[in-house]
Amino acid sequence: MQEGLRDYLRNLYHKNKLEEIEDISIEDIPNLIFANRKSPQTIWIKKVRGFESGFLFNVLSSRDHYAIVFGCTIHEIWPAYLKCLSNPVKPVLIKSGSVQEVQYIGSQVDLYKLPVVKYNALDASPYITAGVVLARDPETGIRNVSIHRLQVQGKQQLGIRLEPGSHLELIRKKAGELGKRVEVAITIGNHPAEIIAAVSKVHFGLDELEIAGAIRGEHLQLTKCVTIDAEVPAWAEIVLEGYIDPEDDAPEGPFGDFMGYYVPRGENPTIHLTAITHRENPVFQGIRAGSLEDSLLLALSREAAVFKAIKEAGIDVVGVNLSPVVFNGVISLRPKDKAEVRRALEIALEQAPWLKYCVAVDPDVDIFNWEDVLWALATRSSPDKAIVFNNTNGFSRDPFNLHRSKLIIDATIPGGAGNAFRRAIPR
């Protein structure tokens with residue numbers, strides 16, 4: 001049996017990174033999640049009163065978690081991840097897996113049997129936030145894997161938010177032109193390899209489950225769904241099977257998004273469910289938008305792209321941090337001169353268009369500690385040397401034009417400074 005989410009949780013437990021709660025009411029979960037939105041601890045609620053499922057969150061809530069998944073240090077995550085992107089491993093099909101131990105089909109399907117929570121006071125309804133959505137291109141048959149917010153709109157219906165230009169939106173448009181439905185499977189309670197693969201920025205046409213296999217270091221085992229022509233990870237916790245009708249939209253939202261504000265109500269596609277399958281006593285997984293876990297997932301692909309591009313430009317890059325908010329970034333360099341610093345910062349803006357503020361620092365500054373970054377900013381930079389770029393591409397949802405300019409700051413030691421900037425530390 002291949003490693004699943006529960007095996008990963010056991011590993012976290014032995015590393016003192018897992019907190020277990022035996023019993024809780026579903027009404028208390030949103031406040032618990034909010035209170036721990038910046039916590040590096042994974043929290044597993046073993047039993048939610050009135051439900052078959054437990055509830056899990058903060059599965060990837062620190063860089064230490066990523067280091068565990070990739071089997072490296074936190075400073076080696078970017079090259080390890082880039083190696084996985086360059087060496088995909090195709091999945092394999094097996095006859096069955098534990099994800100289908102319990103099956104509800106047709107009229108038996110009832111989303112309200114799952115402990116889906118309403119994260120924020122003004123959210124339209126409960127949302128599934130850690131569901132990995134699998135669908136196939138109707139022309140090529142190639143699988144696409146992604147994560148989208150999913151609003152519970154009834155026992156057998158979900159609303160799904162598809163960002164313009166997303167791969168799943170392209171699939172939906174193709175299907176509409178061909179007069180077809182889009183069959184989708186949604187897996188919940190996934191091993192981190194599948195979560196990381198699902199948020200990876202790869203070219204349209206690459207099966208992200210091959211990235212999951214590369215992260216795992218082995219072929220990911222899949223099993224066939226029971227009501228649709230799709231395959232899912234055999235050892236996931238829960239699977240929702242269904243379809244998107246390209247002509248069927250419904251009101252979706254509002255929803256508290258990653259910036260900490262509500263995204264207003266809009267017309268978005270619906271998913272009609274045909275089956276729910278799951279393991280015995282399944283683990284339901286959630287991700288709070290704007291949490292540390294969410295920000296790290298948003299950052300990883302962008303950080304890796306920046307790291308790769310700077311390195312390919314011949315600049316000695318040590319690390320990149322685009323969390324806890326992907327609009328801000330810091331890059332650690334060993335530059336030959338100030339021209340390299342500026343070029344590295346410009347490359348970061350090119351590779352991560354959402355970036356608004358980006359700072360370059362020396363390797364003696366901890367890029368994962370913003371207090372240390374602010375210290376470098378205060379003691380090693382000059383405001384008159386900061387550079388502003390206007391009328392640029394940025395975050396697209398911007399009715400107030402707050403994301404159309406960018407600022408880069410060189411907070412590296414001045415050339416020829418000698419020992420003047422040697423840090424005063426005991427050892």
Side-chain angles (χ1 to χ4, degrees), residues 78 163-165 201 257-261 263 290 292 294-417 420-421 423:
W78 308 288
E163 289 288 338
K201 301 290 183 184
D257 209 352
F258 76 99
M259 285 192 287
Y261 306 117
V263 178
L292 187 56
D294 184 42
S295 69
L296 288 170
L297 285 168
L298 285 171
L300 179 62
S301 275
R302 295 170 172 87
E303 290 175 352
V306 170
F307 184 91
K308 179 183 179 185
I310 294 175
K311 195 173 187 65
E312 289 177 346
I315 301 170
D316 190 355
V317 56
V318 178
V320 182
N321 179 16
L322 304 185
S323 69
V325 182
V326 291
F327 299 145
N328 303 334
V330 57
I331 305 166
S332 176
L333 305 167
R334 293 189 185 92
K336 296 188 187 76
D337 51 41
K338 290 300 186 179
E340 277 200 345
V341 177
R342 174 165 178 169
R343 180 60 188 138
L345 289 165
E346 290 174 344
I347 289 170
L349 300 186
E350 293 164 5
Q351 295 296 319
W354 284 9
L355 263 179
K356 289 169 60 177
Y357 306 101
C358 196
V359 182
V361 298
D362 296 285
D364 66 333
V365 176
D366 183 356
I367 62 172
F368 304 132
N369 181 339
W370 278 95
E371 182 178 344
D372 210 30
V373 174
L374 288 173
W375 169 83
L377 193 65
T379 64
R380 295 181 178 179
S381 71
S382 176
D384 68 333
K385 291 183 174 60
I387 300 171
V388 176
F389 299 91
N390 292 312
N391 301 313
T392 65
N393 292 324
F395 183 61
S396 59
R397 196 171 65 239
D398 187 21
F400 301 102
N401 292 321
L402 297 175
H403 303 282
R404 297 291 179 264
S405 61
K406 303 177 188 297
L407 175 70
I408 58 174
I409 301 174
D410 178 355
T412 62
I413 294 172
F421 288 85
R423 299 188 70 162

Separation of Ser381 OG from Ile413 CD1 (nearest 0.5 Å)
12.5 Å
Without swapping roles, check the side chain of Gln351 against the backbone of Ile347 for a donor-acceptor pair under 3.5 Å.
no
Between Arg342 and Asp337, does at least one N-O distance fall below 4.0 Å, as a salt bridge requires?
no
Just wondering, do Ser295 and Leu298 contact through their side chains at under 4.5 Å, heavy atoms?
no
Decide whether a cation-pi geometry holds between Arg423 and Trp375; the criteria are a distance under 6.0 Å from NZ or CZ to the six-membered ring centre and an angle within 45° of the ring axis.
yes
Using modelled atom types and a 3.5 Å cut-off, is there a donor and acceptor pairing between side-chain atoms of Lys201 and backbone atoms of Ala305?
no
Between Phe258 and Trp354, is the ring-ring contact (aromatic ring centres under 6.0 Å, His included) condition met? List the steps.
CA-CA 13 Å; Phe258 76 99; Trp354 284 9; 5.7 Å; yes
Would you say Val306 and Trp78 make side-chain contact, with heavy atoms under 4.5 Å?
no
Heavy-atom check, side chain of Lys338 versus side chain of Thr412, under 4.5 Å:
yes
Assess whether ring-ring contact (aromatic ring centres under 6.0 Å, His included) is satisfied between Phe395 and Phe327, documenting all intermediate values.
CA-CA 8 Å; Phe395 183 61; Phe327 299 145; 5.5 Å; yes
Would you indicate whether the side-chain heavy atoms of Ile310 and Leu333 approach each other to under 4.5 Å?
yes
With a sphere of 6.0 Å drawn around CZ of Phe421, does it hold more than 12 non-hydrogen atoms of other residues, nucleotides or ligands?
yes
Can you check whether Ile331 reaches Val361 side chain to side chain, under 4.5 Å on heavy atoms?
no
salt_bridge(Arg380, Asp362) N-O dist < 4.0 Å:
yes
Short N-O contact, Asp410 and Lys385, less than 4.0 angstrom
no
Under 4.0 Å between a Lys/Arg side-chain N and an Asp/Glu carboxylate O for Lys308 and Glu303?
no
Would you say Ile408 and Leu349 make side-chain contact, with heavy atoms under 4.5 Å?
yes
Residues Trp370 and Pro324: closest non-hydrogen pair is NE1-CD, 3.4 Å
Tell me, do Pro363 and Arg334 make a side-chain contact under 4.5 Å, heavy atoms counted?
yes
Does some side-chain heavy atom of Met259 sit less than 4.5 Å from a side-chain heavy atom of Arg397?
yes
Under 6.0 Å from the CG atom of Asp364, do we count more than 12 heavy atoms belonging to anything else shown?
yes
Any luck finding a side-chain donor-acceptor pair between Asn321 and Ser323 under 3.5 Å?
yes
Where do Ala352 and Arg302 come nearest, in terms of heavy atoms and distance?
CB-CB, 4.4 Å
Do the side chain of Lys406 and the main chain of Leu355 share a donor and acceptor less than 3.5 angstrom apart?
yes
Under 3.5 Å, side chain of Asp398 to main-chain N/O of His403, donor-acceptor pair present?
yes
Got more than 12 heavy atoms from elsewhere within 6.0 Å of OH, Tyr357?
no
Does atom CG (Asn390) have a neighbourhood of more than 12 heavy atoms from anything else shown, all under 6.0 Å?
yes
Do Asp366 side-chain atoms and Asp372 backbone N/O form a donor-acceptor pair below 3.5 Å?
no
Closest heavy-atom contact between Ile409 and Ala386?
CG1-CB, 4.1 Å
